[in-house]
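None of these values were measured; they are calculated from a predicted model.
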Amino acid sequence: MALLVLLHTLLTLAWPGGCVLLVSKAVQVLHRPRVHRALGRTTGVVLIGFGLAVAGTAG
């Protein structure tokens with residue numbers, strides 16, 4: 001049982017640490033103007049799509 005608790009603790013610490021490491025490496029790429037614009041446009045399209053989906057099901 002102690003081994004299971006230890007494994008769970010290690011995974012709980014490793015997962016956010018890995019995400020932070022990945023994002024810190026990707027920050028240089030994400031701040032490029034071309035990538036920034038593409039992410040903004042993609043986010044806008046997704047949000048509009050969700051809004052249309054919600055509007056289509058409401059009623």
Side-chain angles (χ1 to χ4, degrees):
M1 185 69 167
L3 181 61
L4 185 60
V5 171
L6 179 64
L7 180 64
H8 183 268
T9 302
L10 290 174
L11 287 174
T12 300
L13 294 174
W15 176 249
C19 287
V20 167
L21 183 64
L22 183 67
V23 168
S24 70
K25 298 293 182 183
V27 137
Q28 295 170 349
V29 174
L30 294 174
H31 280 308
R32 294 180 185 164
R34 186 175 178 181
V35 174
H36 197 68
R37 279 193 309 271
L39 285 174
R41 289 177 180 157
T42 303
T43 303
V45 168
V46 168
L47 289 175
I48 290 171
F50 283 150
L52 291 174
V54 169
T57 59

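- For Arg41, the side chain to side chain contact (heavy atoms under 4.5 Å, CB included) test picks out Arg37, with sequence neighbours left out.
- Hydrophobic side-chain contacts under 4.5 Å tie Leu30 into a cluster, directly or through other members, with Val29, Val35, Leu39.
- We find the CG-CG distance between Leu47 and Leu52 to be 11.0 Å, quoted to the nearest 0.5 Å.
- Here the options are Thr12, Leu6, Leu11, Leu10, the test is side-chain contact (heavy atoms from CB on, under 4.5 Å), and the partner is His8; only Thr12 passes.
- At least one side-chain heavy atom of Leu21 sits less than 4.5 Å from a side-chain heavy atom of Ser24.
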